[in-house]
Undergrad: 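One structure follows; several queries about it will come next.
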2 protein chains.
Amino acid sequence: MAGIKDVAAEAGVSVATVSRVLNSHPSVSEEARARVLAAVEALGYRPNAVARSLRTAQTRTLGLVISDVLNPYFTELARFVEEEARALGYSVIIGNADERPELQDHHIRTLIDRRIDGLLVSPADGGSPLLREVALSGTPMVFADRWIPGIDVPVVRADGTGAVKDLVAHLHRLGHRRLAIIAGPAATTTGNERVEAFRDAMRELGLALPDAHIGQAHFQAASGRRATERFLALPEPPEVVFAADNLMALGALDAIRAHGLRVPDDIALAAFDDIPWFVHTDPPITAIAQPTADLARAAVRALADRIEGRTPQSVTLPARLVVRRSCGGAATDQRSDR
Amino acid sequence: MAGIKDVAAEAGVSVATVSRVLNSHPSVSEEARARVLAAVEALGYRPNAVARSLRTAQTRTLGLVISDVLNPYFTELARFVEEEARALGYSVIIGNADERPELQDHHIRTLIDRRIDGLLVSPADGGSPLLREVALSGTPMVFADRWIPGIDVPVVRADGTGAVKDLVAHLHRLGHRRLAIIAGPAATTTGNERVEAFRDAMRELGLALPDAHIGQAHFQAASGRRATERFLALPEPPEVVFAADNLMALGALDAIRAHGLRVPDDIALAAFDDIPWFVHTDPPITAIAQPTADLARAAVRALADRIEGRTPQSVTLPARLVVRRSCGGAATDQRSDR
DNA sequence: ATCATCCGTGTAATCGATTCCACGGCGTCG
DNA sequence: CGACGCCGTGGAATCGATTACACGGATGAT
């Protein structure tokens, strides 16, 4: 593969001049510029990004560590992150933690070793000492969706409390009183917050949330299924199951179906995170939709601000309730906008 | 950030010795090794992958260019690709083409500029001159799922002809005669092959596939919706719509629903690619399942073989039919294995 | 005792870019 | 007319690793 020296030789100038042309440095004569450009064209020269990064100490690359690629919410987030990053002149390398802290750490390590310019993280756990260390080391970092309290880094996320309150009110109006929630890991902020919002909203309506109605799961389908099975085995099973993410809702649906029960007649279901498939499930699922594209854009911009020396801002955007038929009643069959 | 020189100074040896320890070169004394390791530990030293790559001319990184991250089939593929690559000591950088040839080329360019060791591609179009050029240039490359005829590169894919034949037989048995297909872009192999397999299977049963029953779409939901609308506007609409991928099936479902029709009573639906949601759609969707994990593993192994000087093998694995209720009849409600 | 071999180690070249500094030529200004 | 400054350019240092080569000392064979 042709290097800058070959180009210099072909154009009859020094490598310094070639480099100047490539980086559109002002002091290059029109003639030299033309000759270099011609040589570049003739040789099909492409600058070696590795060498360039070594010298300039920047890679123009962002690392994105998400908790689970198979979760449509995160793939959508990743897609928009890449889109915005590209617009700002950055590439993105995605690391998938699969909700496993040690895999998350592996990816963070690898990304740091590659000297990415900044890190966008949706932590799979709340404890990672590595993450804390990286933040302290001065690596530009921004949390997206989930964050870790005590690590001083901008957070870009959706606030679901309003939407959860709307949901609980909606359920109450439909006559449901025994509500249950499948929670994410207590180590994640989204795991806790959604439970707290749910509990608070219930309390305002004079409803209690017994421990037996809080299922511990891991934001993945299999654990959602198990949590739901435990609910169904209760002497007095809940009338509603609210899954704190879409994959656990899928698991809940699996379990409900395996028990021969129908939604919403026998048991109602709602989920956090709205995805296109929820329109076509049996029945269409009432969900809380996050403004994913806006979140992704805000997160990338915050990170770019931090990298480029500006002051990054934390951003919180509201989520909203999308009512469908899975909780009973007649639904105005809205679609998640896209 | 500490460099190899700092480690050398701390350990009281030369950088060469440090490097030898790090790369477990045999001729280093036990004592020097211990001192270096201690220094590494003390400084929290991590080798700079950029510098290493520049010197060794390898990045231990694979590029994966997929046509659409929002397509669950590809995210699943990506997940398994990363898993296998990690097992073999490689990282993966994903480029999402969004079914747009120019975006695909952008990612390929970027990946090549970064000097990835090999490229795994599921081309969004059949023509990319860049892809041909890259293949010719000697960059290790393997096609996954889709490929480009005329480019001499190993192909790892699923063969759907058997499963499509099973599907058509199944439809025929249920009494359906007017079958339609929503095809992917003619420029993709999967776009064509699936239509051909469908046409052949129909011909064997004495059925014709008129042009009006071939909808042109782009493997994305919106185009699947439009194609379905055209079918429904026909004076004699088809009794079955077979979508050549899962997103177009989603679009078809949208369109059918918008027309107030029911599946399978008014119109039957089947799809290529099986995904977890198909179990829970209304009704559960009959689909053709690919052995995604095996494909991913085989593709990575082929690429690693090529990179490491062994002879890579093309691999073709059979897809299989999973019957559910979306085509009518009583279904043995199988699940896609996972 | 002598010489060849091997082992552990260090010095320095190298990968492919960017960039500081010096230098020659030319225009401008005093 | 001489000095100064600017412009375009090239030489060479640099980024942080790997590795070819050289070297000194120990070991073993003859």
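As a basis for the values below, the full set of heavy atoms in this structure was taken, side chains included, without hydrogen atoms, waters or symmetry mates. First the proteins, then the strands, lettered A, B, ... as listed; each starts at 1.
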Undergrad: Could you state the CZ-C1' distance from B:Arg52 to D:dT19, rounded to the nearest angstrom?
TA: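 These atoms are roughly 13 Å apart.
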Undergrad: Is the shortest distance from a Lys or Arg side-chain nitrogen in B:Arg109 or B:Glu102 to a carboxylate oxygen in the other one below 4.0 Å?
TA: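 Salt bridge: no.
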Undergrad: If you measure from the Lys or Arg side-chain nitrogens to the Asp or Glu carboxylate oxygens, is any gap between B:Asp113 and A:Arg46 under 4.0 Å?
TA: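 Salt bridge between B:Asp113 and A:Arg46, a charged N being under 4.0 Å from a carboxylate O: yes.
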Undergrad: Quickly work out the A:Arg60 CZ to C:dT18 P distance and round it to whole Å.
TA: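 Whole-Å distance recorded here is 14 Å.
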Undergrad: Residues in side-chain hydrogen bond (donor to acceptor under 3.5 Å, both in side chains) with A:Arg35, at least two apart?
TA: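 By the side-chain hydrogen bond (donor to acceptor under 3.5 Å, both in side chains) rule, A:Arg35 matches A:Glu31.
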Undergrad: Taking any heavy-atom pair under 4.0 Å as a contact, classify B:Ala49: base, sugar-phosphate, or nothing.
TA: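 If one applies the 4.0 Å heavy-atom cut-off, B:Ala49 turns out to touch nothing in the nucleic acid.
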Undergrad: Is any side-chain N of the basic residue among B:Arg79 and A:Asp98 closer than 4.0 Å to the acidic one's carboxylate O?
TA: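 So B:Arg79 pairs with A:Asp98 through a salt bridge.
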Undergrad: Run B:Asp105 and B:Ser128 through side chain to side chain donor-acceptor pair (under 3.5 Å) and show every step you take.
TA: CA-CA 8 Å; B:Asp105 282 3; B:Ser128 176; 3.1 Å; yes
Undergrad: When you measure from the side chain of A:Arg55, which nucleotide among D:dG10, C:dT18, D:dT18 comes out closest?
TA: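 That would be C:dT18.
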Undergrad: Find which nucleotide of DNA chain C each of B:Val13 and A:Arg46 is nearest to by heavy atoms, and output the residue with the more 5' nucleotide.
TA: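 Mapping each residue to its closest nucleotide by heavy atoms, the 5'-most match is B:Val13.
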Undergrad: Quickly work out the B:Tyr45 OH to D:dG16 C1' distance and round it to whole Å.
TA: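 Result: 7 Å.
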Undergrad: How long is the line joining CD of A:Gln58 and P of C:dA17, in whole Å?
TA: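 So the two atoms are 16 Å apart, to the nearest Å.
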Undergrad: Taking CG from B:Asn48 and C1' from D:dT18, how many angstroms apart are they, rounded to a whole number?
TA: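 Roughly 13 Å, once rounded to whole Å.
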Undergrad: In residues 16-31 of chain B, what residues come within less than 4.0 Å of DNA chain C, judged by heavy atoms?
TA: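 Within this stretch, B:Ala16, B:Thr17, B:Arg20, B:Ser27, B:Val28, B:Ser29 sit under 4.0 Å of the strand.
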Undergrad: Taking only the side-chain heavy atoms of A:Leu54 (C-beta and beyond), determine which of D:dA17, C:dT18, D:dC15 contains the nearest atom.
TA: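 It is D:dC15.
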Undergrad: To the nearest Å, how far apart are A:Arg115 CZ and D:dG16 P?
TA: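 Rounded to the whole Å, the gap is 9 Å.
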Undergrad: Can you tell me which residue among A:Asp245, A:Asp145, A:Thr292 is in a side-chain hydrogen bond (donor to acceptor under 3.5 Å, both in side chains) with A:Tyr73?
TA: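 Exactly one option meets the side-chain hydrogen bond (donor to acceptor under 3.5 Å, both in side chains) with A:Tyr73, and it is A:Asp145.
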Undergrad: Hey, is CD on A:Glu308 packed in by over 12 heavy atoms from elsewhere, all under 6.0 Å?
TA: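 Atom CD in A:Glu308 is packed in, count exceeds 12.
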Undergrad: Quickly work out the A:Met1 CE to C:dA17 P distance and round it to whole Å.
TA: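 Checked: the CE to P distance equals 11 Å.
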Undergrad: Would you mind reading off the distance between B:Arg114 atom CZ and C:dC15 atom P, rounded to a whole angstrom?
TA: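 Between P of C:dC15 and CZ of B:Arg114: 23 Å.
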